[in-house]
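Report on the structure given below.
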Protein chains: 2
Amino acid sequence: MVQNMVANRKKTRCDIVEAANILFYHHGYEHTSFADIAENVKISRGNFYYHFKTKDEILDAVIALRLAETRSMIAQWTDQSDAPKERIRHFINILKRHQSKILLYGCPVGSLTLELAKLNHPAQKDAQALFSVFRHWLCQQFTALGHGENADKLALDLLVWSQGVATLASAFQDEAILAQEVAKKEAWLEQIKPGFLEKHRSFI
Amino acid sequence: MVQNMVANRKKTRCDIVEAANILFYHHGYEHTSFADIAENVKISRGNFYYHFKTKDEILDAVIALRLAETRSMIAQWTDQSDAPKERIRHFINILKRHQSKILLYGCPVGSLTLELAKLNHPAQKDAQALFSVFRHWLCQQFTALGHGENADKLALDLLVWSQGVATLASAFQDEAILAQEVAKKEAWLEQIKPGFLEKHRSFI
DNA sequence: CTGAATTTAGGTCAATTGTCCTATTTAATA
DNA sequence: TATTAAATAGGACAATTGACCTAAATTCAG
């Protein structure tokens with residue numbers, strides 16, 4: 001059955017990318033070796049090389065996976081509620097939802113971005129897209145809240161905040177920092193005054 | 001002359017640590033090899049090994065150097081002005097002063113901290129001290145401004161902000177983000193209302 | 001100057017890295 | 001079933017890593 005073959009091929013490849021995704025997050029891109037990934041997926045290095053010729057190829061696949069996952073997550077948030085505030089709250093709460101991982105490894109987007117910057121890696125731009133996805137979506141939400149002019153700045157502020165919180169919570173290994181910052185940001189979100197364009201929110 | 005010997009020894013060692021400090025910042029701890037550092041200082045690997053037995057030893061020395069430099073910088077800020085706001089402004093402005101480097105490599109403290117977390121490196125706690133120095137000093141300044149109860153939270157917020165800005169400015173390679181965020185934070189600092197303990201500021 | 005101590009140079013080592021190759025096994029087709 | 005294509009296993013590779021060692025050079029005291 002062609003279906004089976006294709007499915008299997010896809011599955012092994014998918015297994016590799018998913019394992020690499022986690023290992024890149026936990027141990028960093030460079031500190032993760034072919035052997036680490038292969039061992040994790042329980043395949044031979046030869047089989048591994050059959051699916052990916054170079055390490056950069058795996059990185060590209062991992063970034064593509066993260067982009068897809070991110071888009072899917074955001075689409076879910078968008079579908080779950082029509083209220084921009086409610087949507088933005090979802091973003092704020094990622095920090096709490098992934099608390100334990102963040103305390104250990106920081107934010108997957110921020111840490112990958114920083115590592116690639118130091119390696120001066122060609123995939124830098126692709127990793128940047130991960131931030132852009134959040135940025136544009138948040139911008140849309142703030143626009144819907146009537147902050148058209150400042151929407152992008154507000155979106156960027158929220159990204160800045162999330163990266164800072166992840167970095168410091170991880171540095172101090174202190175979940176109280178995380179909880180406290182999230183609570184404060186939620187309160188800020190609640191209190192935010194809709195801009196004068198609020199009435200036109202429907203056009204978003 | 002004993003003086004010369006000791007001075008030379010100190011100088012070579014110091015050169016190594018300073019080169020490692022820069023290379024760790026630019027390329028990361030793990031991606032920097034003995035050979036890289038030795039080549040940079042223009043000494044042999046053997047000479048290098050004479051001064052540092054293991055890579056961890058260099059890391060400790062680099063962290064110690066950064067701690068010393070940070071303390072000295074902060075001491076300067078403290079000496080330059082008695083006004084807490086003026087002092088805090090110095091902190092905010094690090095981002096602008098080191099703009100070009102931050103765009104390329106992020107914040108040296110944040111990125112090192114994140115890398116060590118992923119390596120699960122024993123020096124994590126030492127690197128954390130770098131953040132603590134800023135945190136406590138900022139806390140003192142906010143206390144002097146009369147925000148005793150919230151001083152530590154305000155200090156942490158400022159650290160969070162600085163880390164976030166560094167990460168995103170670097171991710172987007174966009175100095176406008178940096179300039180805009182710094183300007184906004186400076187405005188916030190200006191507008192901040194002194195707490196009711198302001199009159200007692202002298203005791204700090 | 002001579003001898004001892006410190007400092008430096010450069011070679012060696014085992015381990016690990018990313019990459020590549022060739023057999024063998026598994027699956028699909030005719 | 002026989003043939004072909006896809007997938008896997010595992011070995012080999014050159015290069016690089018951190019670590020270690022010894023011999024030479026430099027420095028300084030007596």
Side-chain angles (χ1 to χ4, degrees), chain A residues 1-21 23-24 26-63 112 115-116 118-123, chain B residues 1-21 23-24 26-63 112 115-116 118-123:
Chain A
M1 277 151 202
V2 177
Q3 301 265 5
N4 253 345
M5 289 263 314
V6 172
N8 274 342
R9 164 167 194 146
K10 284 232 171 99
K11 192 186 173 303
T12 303
R13 209 194 117 97
C14 184
D15 286 350
I16 292 174
V17 176
E18 276 173 4
N21 182 31
L23 290 171
F24 287 177
H26 290 190
H27 306 311
Y29 169 67
E30 197 167 37
H31 191 245
T32 301
S33 70
F34 277 45
D36 290 336
I37 305 174
E39 188 185 356
N40 216 271
V41 187
K42 305 228 187 292
I43 61 170
S44 64
R45 282 164 299 142
N47 189 8
F48 186 100
Y49 188 74
Y50 173 75
H51 290 278
F52 295 95
K53 298 299 172 208
T54 70
K55 203 178 179 184
D56 289 359
E57 266 184 48
I58 319 167
L59 178 59
D60 290 341
V62 165
I63 292 177
L112 178 66
E115 186 178 1
L116 296 185
K118 285 184 199 289
L119 302 182
N120 200 18
H121 195 284
Chain B
M1 268 141 209
V2 178
Q3 299 266 9
N4 252 347
M5 290 260 317
V6 172
N8 275 343
R9 164 169 194 145
K10 285 231 169 103
K11 190 183 176 306
T12 303
R13 209 194 118 97
C14 185
D15 286 350
I16 292 173
V17 176
E18 278 173 4
N21 183 32
L23 290 171
F24 287 176
H26 290 189
H27 305 130
Y29 169 66
E30 196 167 38
H31 191 245
T32 302
S33 70
F34 277 44
D36 290 336
I37 305 174
E39 188 185 353
N40 215 271
V41 187
K42 307 233 188 284
I43 60 170
S44 65
R45 283 162 300 138
N47 187 6
F48 185 100
Y49 189 74
Y50 171 76
H51 289 278
F52 294 95
K53 298 300 172 208
T54 71
K55 204 177 178 184
D56 289 0
E57 266 184 48
I58 318 168
L59 178 59
D60 289 342
V62 166
I63 293 178
L112 178 66
E115 185 178 1
L116 295 185
K118 286 186 197 289
L119 301 181
N120 201 17
H121 196 284

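Naming convention: chains lettered A, B, ... in sequence-line order (proteins, then strands); numbering from 1 in each chain.
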According to a strict under-4.0 Å criterion, is [X] in side-chain N/O contact with OP1 or OP2 of [N]?
| X | N | answer |
| --- | --- | --- |
| A:Tyr50 | D:dA7 | yes |
| A:Thr12 | D:dA7 | no |
| A:His31 | C:dT17 | no |
| A:Ser44 | D:dG10 | no |
| B:Asn47 | C:dA9 | yes |

> What nucleic acid atoms does B:Tyr49 come within less than 4.0 Å of, heavy atoms only: base, sugar-phosphate, or nothing?
Replying inline: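 B:Tyr49: base contact, heavy atoms under 4.0 Å.
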Please report the distance, rounded to the nearest Å, between [atom1] in [X] and [atom2] in [N].
| X | N | atom1 | atom2 | answer |
| --- | --- | --- | --- | --- |
| A:Phe48 | D:dG11 | CZ | C1' | 17 Å |
| A:Leu23 | C:dT17 | CG | P | 12 Å |
| A:Arg13 | D:dT8 | CZ | C1' | 17 Å |
| B:Glu39 | C:dA9 | CD | P | 14 Å |
| B:Glu57 | D:dC20 | CD | P | 10 Å |
| A:Ile16 | D:dA9 | CD1 | P | 10 Å |
| A:Ile37 | D:dA9 | CD1 | C1' | 18 Å |
| B:Phe52 | C:dT8 | CZ | C1' | 15 Å |

>> Using only atom types and a distance under 3.5 Å, with no angle test, would you say the side chain of B:Asp15 pairs donor to acceptor with the backbone of B:Thr12?
In response: no
> Is the shortest heavy-atom distance from the side chain of A:His121 to the side chain of A:Leu59 under 4.5 Å?
Replying inline: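 In contact.
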> Can you find a pair of side-chain heavy atoms, one from B:Phe24 and one from B:Ile37, that are under 4.5 Å apart?
Replying inline: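 Answer yes - side chains close enough.
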>> Quick check for you: among C:dT8, C:dG18, D:dA19, whose closest atom lies nearest to any side-chain atom of B:His51?
In response: C:dT8
>> Starting the side chain at C-beta, find the nucleotide from D:dT17, D:dA19, C:dT17 nearest to B:Ser33.
In response: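 Selected nucleotide: D:dT17.
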>> To the closest 0.5 Å, what do you measure between CZ (B:Arg45) and CG (B:Asp36)?
In response: 12.0 Å
> Hey, is the side chain of B:Arg45 pairing donor to acceptor with the base of D:dT17 inside 3.5 Å?
Replying inline: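 Flag unset: no donor-acceptor pair detected.
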> With nearest nucleotides of DNA chain C determined for B:Ile43 and A:Glu30 from heavy-atom distances, which residue corresponds to the more 5′ nucleotide?
Replying inline: B:Ile43
>> Over 60° means perpendicular and under 30° means parallel, so tell me whether A:Phe52 and A:Phe48 are parallel, tilted or perpendicular.
In response: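 Tilted, since the angle between the ring planes falls between 30° and 60°.
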